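All of these numbers come straight from a predicted model, not from anything done at the bench. Both ligands and their constituent atoms are indexed starting at 1 by order of listing.
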Amino acid sequence: MKIVELKNISKRFGTILANDDITLSIEQNKIHCIIGENGAGKSTLMKILFGIYKQDQGEIYIRGERVNFRNSHDAINLKIGMLHQHFMLIEDFTILENVILGAELSKGYKLDFEKSRVTITELIRKYDLDLNPDELVYKLSISEKQKVELLKLLYRNSEILILDEPTAVLTPIELKGFFKILNNFKAEGKTIILITHKLNEVKEISDKVSVLRKGKLVYETDKEKIDISELSRLIIGDIEDIPVRNKIDNGQALFKDYITVKNLSLIENGIIKLNNLNFALKKHSVFGICGVEGNGQNELIEVLIGLNKKFKGEIYPEKLVPAIVPDDRTKKGMIGEMSISENYFLREKNLRFAFKNILKNIELKFIKRFDISVPYSGCKVKYLSGGNQQKAIVAREIMLNHNILIFSHPTRGVDLRARDIIHNEIISERNKGKAIILISSDLDELLSLSDELAIIYKGTFLKVFLFSELKEKLESDRTSLLENIGELMMGVVK
Ligand SMILES: Nc1ncnc2c1ncn2[C@@H]1O[C@H](COP(=O)(O)OP(=O)(O)OP(=O)(O)O)[C@@H](O)[C@H]1O
Ligand SMILES: [Mg+2]
């Protein structure tokens, strides 16, 4: 049965036609993937289905009935739930509080924690979510926070789950668990709409896939006929391939240490956050740090850029002024109310006057070099699509031209073409002589860019693969290297 039918949906923002006459249906109890390049219109379409945006044209049918959503409460009443591209949890509340917040109040009930606790505990058990309802949310890892978001949807009895890029933040191991949960949902009769940029995930999990390009539905196919290379051609279109810039093999030893970190430790509230780290950043080199999020990566950055001074150990030179792409683009990356070039202006100390044409030129330069798509010139960053916001942050930090660059998940949420562009830019910065720290949970990314690779677990470098070792293992036995790294990320040392 068709549980959702979208007929001739169009939505315009200024001059941009974000959705252009899209007709698409979702079968009940299936996992349906929606894919497409950054700015293709995926989130917009899903926000229309969830009642956040109102379509300019077109009709929506849920379980065969025509609906006219005034807001997302109307969608929630029809058992539609949406997990947004960015988390919406209150960090100082417990899981239980976060889950019932809004759901109970909106119905005008008196809060009944004990009743809710029973329901929530049962949901956690039924869907194998492995969460403690009384845990405070700020203590959770990213993948646990995501499970809380799912729990919120389940608690509201959602039958149709819209998941906007939930997998972008997960490591390969967490991804397995996540897919298991999705399959549990399916076994219980739920319908899932999943947005992702990772085509092997589409192949693995979906029953059906739809491809959007520039606001239009351009292709649909069923599970059996999914062909990854065909999909990637459809997403990107016929644009010429981007040549991968080669890493110049610099032999490493030639370069002096740029930054030296000795015996760096950090203890906060009695918890060891960083444990005796020793490493050097060299010119012309990428120091990769690989780990499940929340294992000390953010604390290390805070210490390196001088935000946290309570550490023990030594860092030379003491004053670092790096460019930095933070892990959380909405909270730490940019000011949403400002345009791309105004955001650049804030960071660039040498620019004194923000004349309109200077700003416009900066924007044009960014857009061209990093393939950013903006609805109109001078558009506030908050109106860019998720992936385009990410590209804008990376562009800004690279253009600042600092000698040290810190990238935290630089390609999170960007499409395949932008991923190539960003990788090329990182290599090119390295080749120019910059020292780069690359934090990521994407193993392919780390292995193709890093000159040295440290695996961090609970604040400790369990292993640092030096340049020669990494090079040799990548050439001789990539698979066992991947396995080895995967185990180390989970704290398994053999
Ligand atoms: N509120 C808004 N105001 C103006 N333009 C908007 C608004 N929301 C989205 N857009 C524009 O509509 C287009 C489609 O954006 P959308 O967020 O749907 O893309 P997406 O396919 O989800 O991309 P991504 O993969 O980067 O998340 C983009 O050009 C975006 O800038
Ligand atoms: Mg989106």
Checklist entry - Which pairs pass ring pair (Phe, Tyr, Trp, His ring centres under 6.0 Å) with one or both residues in residues 185-231, sequence neighbours excluded? => result Tyr127-Phe185
Item to check | Contact atoms of ligand 1, heavy-atom distance to Gly41 under 4.0 Å | outcome: 14 (C), 18 (O), 19 (O), 20 (P), 21 (O)
Checklist entry - Is Glu91 reaching over with its side chain to a backbone N or O of Leu89, donor-acceptor style, under 3.5 angstrom? => result no
Next on the checklist: Looking at non-hydrogen atoms alone, which of Pro375, Gly413, Ser373, Ser385 comes nearest to atom 19 (O) of ligand 1?
Outcome noted: Ser385
Checklist entry - Any donor and acceptor pair, going by atom type alone, linking the side chain of Glu429 with main-chain N or O of Ile426 inside 3.5 Å? => result no
Checklist outcome for this item: Value for CD1 (Ile62) from CG (Leu49), rounded to nearest 0.5 Å, stands at 5.0 Å
Next on the checklist: Give me the nearest non-hydrogen protein atom to atom 25 (O) of ligand 1 as residue plus atom name, then the distance to 0.1 Å.
Outcome noted: Lys42 NZ, 2.7 Å
Checklist entry - What protein heavy atom sits nearest atom 16 (P) of ligand 1, and how far away is it? => result Thr44 OG1, 3.5 Å
Checklist entry - Distance-only, no hydrogens or angles: does the Arg213 side chain make a donor-acceptor pair with backbone N or O of Leu234 under 3.5 Å? => result yes
Checklist entry - Which of the atoms of ligand 1 are close to Glu165, meaning less than 4.0 Å from one of its heavy atoms? => result 25 (O), 27 (O)
Checklist entry - Who's closest to atom 23 (O) of ligand 1 heavy-atom-wise, of Gly39, Ala40, Gly14, Gly36? => result Gly39
Checklist entry - Tell me, which protein residue and heavy-atom name are nearest atom 29 (O) of ligand 1, and how many Å apart are they? => result Ile16 CG2, 4.0 Å
Item to check | Closest protein heavy atom to atom 27 (O) of ligand 1, given as residue, atom name and distance to 0.1 Å | outcome: Gln85 NE2, 3.0 Å
Checklist outcome for this item: Closest to atom 9 (C) of ligand 1 among protein heavy atoms sits Phe13 CE1, 3.5 Å
Item to check | Flag, side chain of Asn19 to backbone of Ile9, donor-acceptor distance under 3.5 Å | outcome: no
Checklist entry - Can you list the residues that meet the salt bridge (charged side-chain N to carboxylate O under 4.0 Å, His left out) rule with Asp164, with sequence neighbours excluded? => result none
Checklist outcome for this item: Near His197 (heavy-atom distance under 4.0 Å), the atoms of ligand 1 are 25 (O)
Item to check | With sequence neighbours excluded, residues passing ring-ring contact (aromatic ring centres under 6.0 Å, His included) with Phe366 | outcome: Tyr344
Checklist entry - Given Ala168, Gly215, Ala18, which has its nearest heavy atom closest to atom 12 (O) of ligand 1? => result Ala18
Next on the checklist: Please check: side-chain N/O of Ser25 versus main-chain N/O of Glu5, any donor-acceptor pairing under 3.5 Å?
Outcome noted: no
Checklist entry - Is a side-chain donor or acceptor of Ser158 paired with a backbone partner of Ile160 at a separation under 3.5 angstrom? => result no
Next on the checklist: Using a 4.0 Å heavy-atom cut-off, which part of Tyr376 comes near ligand 1: side chain, backbone, both, or neither?
Outcome noted: neither
Next on the checklist: At less than 4.0 angstrom from any non-hydrogen atom of Ser43, what atoms of ligand 1 do you find?
Outcome noted: 17 (O), 18 (O), 20 (P), 22 (O)
Next on the checklist: Given 3.5 Å as the limit, does a donor-acceptor pair link the side chain of Asp20 with the main chain of Gly215, or not?
Outcome noted: no
Item to check | For atom 30 (C) of ligand 1, the protein heavy atom that lies nearest, with its residue and separation | outcome: Tyr383 O, 3.5 Å
Next on the checklist: Between Asn29 (side chain only) and Lys190 (backbone N and O only), is there a donor and an acceptor less than 3.5 Å apart?
Outcome noted: yes
Next on the checklist: What protein N/O/S atoms are there under 2.8 Å from the Mg ion (ligand 2), waters excluded?
Outcome noted: Ser43 OG, Gln85 OE1
Checklist entry - Hey, mind stepping through Gln389 and Met334 against side chain to side chain contact (heavy atoms under 4.5 Å, CB included) and telling me if it holds? => result CA-CA 8 Å; Gln389 290 179 6; Met334 286 217 159; 6.0 Å; no
Next on the checklist: Suppose I only count heavy atoms of Gly387 and a 4.0 Å limit; which atoms of ligand 1 are within that range?
Outcome noted: 24 (P), 26 (O), 27 (O)
Item to check | Asn38 contact mode with ligand 1 (heavy-atom cut-off under 4.0 Å) | outcome: both
Item to check | CA sep, side-chain torsions, deciding dist, call: Tyr138, Phe93, ring pair (Phe, Tyr, Trp, His ring centres under 6.0 Å) | outcome: CA-CA 8 Å; Tyr138 80 84; Phe93 280 16; over 10 Å; no
